[in-house]
There are 2 protein chains.
Amino acid sequence: MVQYAKARLDASFAALSDATRRGVLEQLARADASITELAEKFHMTLTGMKKHVGVLEQAGLVTTEKVGRVRTCKLGLSGLGDEAAWIESYRQLWDARFDALDKVVEELKRKEKDDGE
Amino acid sequence: MVQYAKARLDASFAALSDATRRGVLEQLARADASITELAEKFHMTLTGMKKHVGVLEQAGLVTTEKVGRVRTCKLGLSGLGDEAAWIESYRQLWDARFDALDKVVEELKRKEKDDGE
DNA sequence: AGCATACTGAACCATTCGGTTCAGTATTTA
DNA sequence: TAAATACTGAACCGAATGGTTCAGTATGCT
C-alpha cells in the first residue's frame with residue numbers, strides 16, 4: 001500500500017471530524033467568505049470561527065488572505081486527494097477481505113453439493 | 001448535495017484521525033486479531049488498545065465478538081462508504097470551483113485577445 | 001479626528017482524548 | 001484446584017478541543 005503522510009492525514013481527518021468545519025468547507029465550495037461571514041452563518045463568535053479556520057488551514061484544506069481589515073477564506077489546494085486515496089485503499093482491502101469470505105462460502109457450498117452427490 | 005448523518009461522519013472521521021487506529025484498520029484488513037495481539041503490535045497496554053477498538057467499533061468501522069476469554073476484532077460492515085461519498089462530493093464542489101475559475105480566466109484571455117484585435 | 005468594523009491574542013473553562021495503573025472477573029490449562 | 005491468560009472497569013493524568021470573554025490593533029468611513 002502507498003505510504004501517506006501520517007501527520008497530514010491526522011490533521012485533515014481531525015479537521016473533518018467536526019460538523020461545523022465540514023459546513024465551512026461546503027460553504028467555501030460555494031463562495032469565498034470572510035471570518036465574520038462564516039462566524040455569523042454558524043452562530044459563533046469571531047474568535048471561535050477563527051480557530052476553526054485555523055484548523056482547516058493547518059490541514060491544508062483552506063487558505064486565507066488578509067486584504068485591508070478583511071481576511072478572506074478560500075478552499076485550499078489540497079482537495080482531499082490523499083484522504084480520498086487512503087479511504088479508497090482501505091475500501092479495497094475491505095472488499096478483498098469480503099471477496100475472500102465469499103470464496104470460502106462458495107467453497108463450502110461446493111463441498112456441500114459434492115458431499116450430497 | 002446528499003444529506004449525510006452528521007453524527008456518524010463525526011464519529012468515523014474522528015476515528016480515522018488517529019494514526020494508531022488507522023493502523024489497526026489496516027491490520028484487521030489483513031487478518032482478524034485479538035485485543036492482546038493488537039496491543040502488542042502497537043506497543044500499548046491492553047486497556048489502551050481496548051479503548052481504540054471501542055472508538056472504531058462505535059464508528060461502525062470494526063466489530064468484535066468475544067468467545068471464551070478472547071475478544072476477536074474484525075473489520076466492520078460500514079466499509080467507509082459514506083465517508084468516501086462525502087469526500088467525493090466535496091471534491092466535486094472543489095473541482096467545480098476551479099472549473100469556474102478556469103472559465104473566468106478563459107473569458108479574460110478571450111477579452112484580452114478581442115481588445116488586441 | 002473620531003467612530004465603527006474586522007480581526008487578533010491571551011486567558012480562561014469544561015469536556016474529551018490518549019494513555020496509564022491497579023484491582024478485579026472469567027476462562028483455560030496443568 | 002491453582003496458576004496463567006485475556007479481558008474489563010474505575011480512576012487518574014496531562015494535553016488538546018471547542019468554545020467563550022475581554023482587551024487590544026489596524027483599517028475604513030464621515
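Naming convention: chains lettered A, B, ... in sequence-line order (proteins, then strands); numbering from 1 in each chain. For clarity, every value in this text was computed on a predicted model and none was experimentally measured.
- Atom-to-atom, CZ of Arg21(B) to C1' of dG19(C) comes out at 12 Å; the value is rounded to the nearest Å.
- Rounded to a whole Å, the NZ atom of Lys51(A) is 9 Å from the P atom of dT20(D).
- No side-chain N or O of Glu57(B) forms a donor-acceptor pair with one of Thr63(B) less than 3.5 Å apart.
- Note on Gly68(B): only backbone sugar-phosphate atoms sit closer than 4.0 angstrom, heavy atoms only; bases stay farther off.
- Between Asp10(A) atom CG and dT17(D) atom C1' the separation is 15 Å, expressed in whole Å.
- For dT20(D), the OP1/OP2 oxygens have a side-chain nitrogen or oxygen of Thr45(A) closer than 4.0 Å.
- Looking at heavy-atom distances under 4.0 Å, Ser34(A) makes contact with sugar-phosphate atoms alone, never a base.
- Each of Val70(B) and Leu46(A) lies near DNA chain D, and the nucleotide nearest Val70(B) is the one positioned closer to the 5' end.
- Phosphate proximity of dT8(D) to Arg71(B): present, with a side-chain N or O under 4.0 Å from OP1 or OP2.
- Computed from coordinates, the Met44(A) CE to dG18(D) P distance equals 10 Å when rounded to whole Å.
- Using a 4.5 Å heavy-atom threshold, the side chains of Val53(B) and Val55(B) count as separate.
- In the interface, the side chain of Thr47(A) is not paired with the base of dG19(D) through any donor and acceptor atom under 3.5 Å apart.
- Distance, Gln58(A) CD to dT17(D) C1': 14 Å, rounded to whole Å.
- Rounding to whole angstrom units, CZ of residue Arg69(A) and C1' of dC3(C) are separated by 11 Å.
- Summary of the strand contacts: Lys66(B) and Met49(A) both lie near DNA chain D, and taking for each the nucleotide with the nearest heavy atom, the more 5' one is attributed to Lys66(B).
- Among the nucleotides dA4(C), dG9(C), dG19(C), the one closest to the side chain of Lys50(A) is dG9(C).
- Summarising the geometry, the separation between CG on Leu38(A) and C1' on dG18(D) is reported as 16 Å, rounded to the nearest angstrom.
- The line from SG of Cys73(B) to CG of Leu38(B) is 5.5 Å long, rounded to the nearest 0.5 Å.
- Atom CD of Glu37(B) is separated from atom P of dA6(D) by 9 Å (rounded to the nearest Å).
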**OP:** Please report the C-alpha distance between Arg22(B) and Leu9(A) in whole Å, then the side-chain angles of each, then the deciding distance to 0.1 Å, and finally whether the side-chain contact (heavy atoms from CB on, under 4.5 Å) criterion is met.
**Re:** CA-CA 10 Å; Arg22(B) 287 197 304 276; Leu9(A) 285 181; 3.6 Å; yes
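- In terms of modelled atom types and a separation under 3.5 Å, the side chain of Arg71(B) and the main chain of Lys50(B) share no donor-acceptor contact.
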